[in-house]
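Notes to accompany the following structure.
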Amino acid sequence: MTRRYRSPFNGKRFIGNNNTNEVHDLDNEKTSCKIDQIKDEHVVTFSPDTHSEAKKKGFDNCAYCIGNSNY
Ligand SMILES: [Zn+2]
């Protein structure tokens, strides 16, 4: 459970899923995040690779690796 260096992850810390509209923190990844079940075409990365950028883009926190989900 760690960062993935293949495309489309490219070693980024914060990974968005544009299917669920949730952002995950891979440095704190939990089994329940099910990162490996996210289809590549649903993977979103952020520039800069920060949590605030993900929030700015409208992503909700994953309840497992970040917490304080809006839902
Ligand atoms: Zn997560």
Side-chain angles (χ1 to χ4, degrees):
M1 301 299 217
T2 180
R3 298 193 197 191
R4 283 113 175 114
Y5 291 92
R6 66 176 181 83
S7 179
F9 295 93
N10 297 319
K12 300 285 191 178
R13 175 175 177 185
F14 291 98
I15 296 297
N17 176 345
N18 67 10
N19 193 38
T20 61
N21 206 45
E22 283 184 330
V23 57
H24 298 271
D25 178 358
L26 293 195
D27 284 358
N28 190 39
E29 183 184 348
K30 307 291 188 253
T31 310
S32 303
C33 292
K34 300 194 167 105
I35 299 296
D36 290 323
Q37 292 180 28
I38 304 174
K39 289 187 164 69
D40 280 0
E41 62 262 37
H42 291 149
V43 170
V44 177
T45 58
F46 305 97
S47 184
D49 184 22
T50 61
H51 181 240
S52 61
E53 182 65 20
K55 298 303 284 186
K56 205 183 292 179
K57 292 273 160 55
F59 282 81
D60 185 25
N61 293 346
C62 170
Y64 303 108
C65 60
I66 301 176
N68 294 316
S69 169
N70 292 327
Y71 299 101

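Residues Leu26 and Arg4 have side chains in contact (heavy-atom distance under 4.5 Å, counting atoms from C-beta outward). The shortest side-chain heavy-atom distance between Thr45 and Ile15 falls under the 4.5 Å cut-off. Within the 4.5 Å cutoff, the side chain of Thr2 has no heavy atoms near those of the Glu29 side chain. At a threshold of 4.5 Å between non-hydrogen side-chain atoms, the residues Val23 and Asn61 count as touching. Taking 4.5 Å as the limit, every side-chain heavy atom of Ile66 sits out of range of all side-chain heavy atoms of His24. Within the 4.5 Å cutoff, side-chain heavy atoms of Lys57 are placed close to those of Phe46.
Nearest heavy-atom pair, Lys30 versus Asn28, reported as atom, atom and distance to 0.1 Å: NZ-OD1, 2.7 Å. Here the closest heavy-atom approach between residue Phe59 and residue Gly16 is recorded as CE2-CA, 3.9 Å.
Scored by the side chain to side chain contact (heavy atoms under 4.5 Å, CB included) test, Lys39 finds Glu41, His42 as partners (sequence neighbours excluded).
Checked by atom type and distance alone, the side chain of Asn17 never pairs as donor or acceptor with a backbone atom of Glu22 at under 3.5 Å. Side chain of Asp40 to main chain of Pro8: no donor-acceptor pair is present (N/O by atom type, distance under 3.5 Å, no hydrogens or angles).
When hydrophobic clusters are built by joining Ile, Leu, Val, Met, Phe, Trp and Tyr residues whose side-chain heavy atoms come closer than 4.5 Å, directly or via intermediates, Tyr64 is not grouped with Ile35.
The structure places CZ of Arg13 at 4.0 Å from CG of Asp25, a figure rounded to the nearest 0.5 Å.
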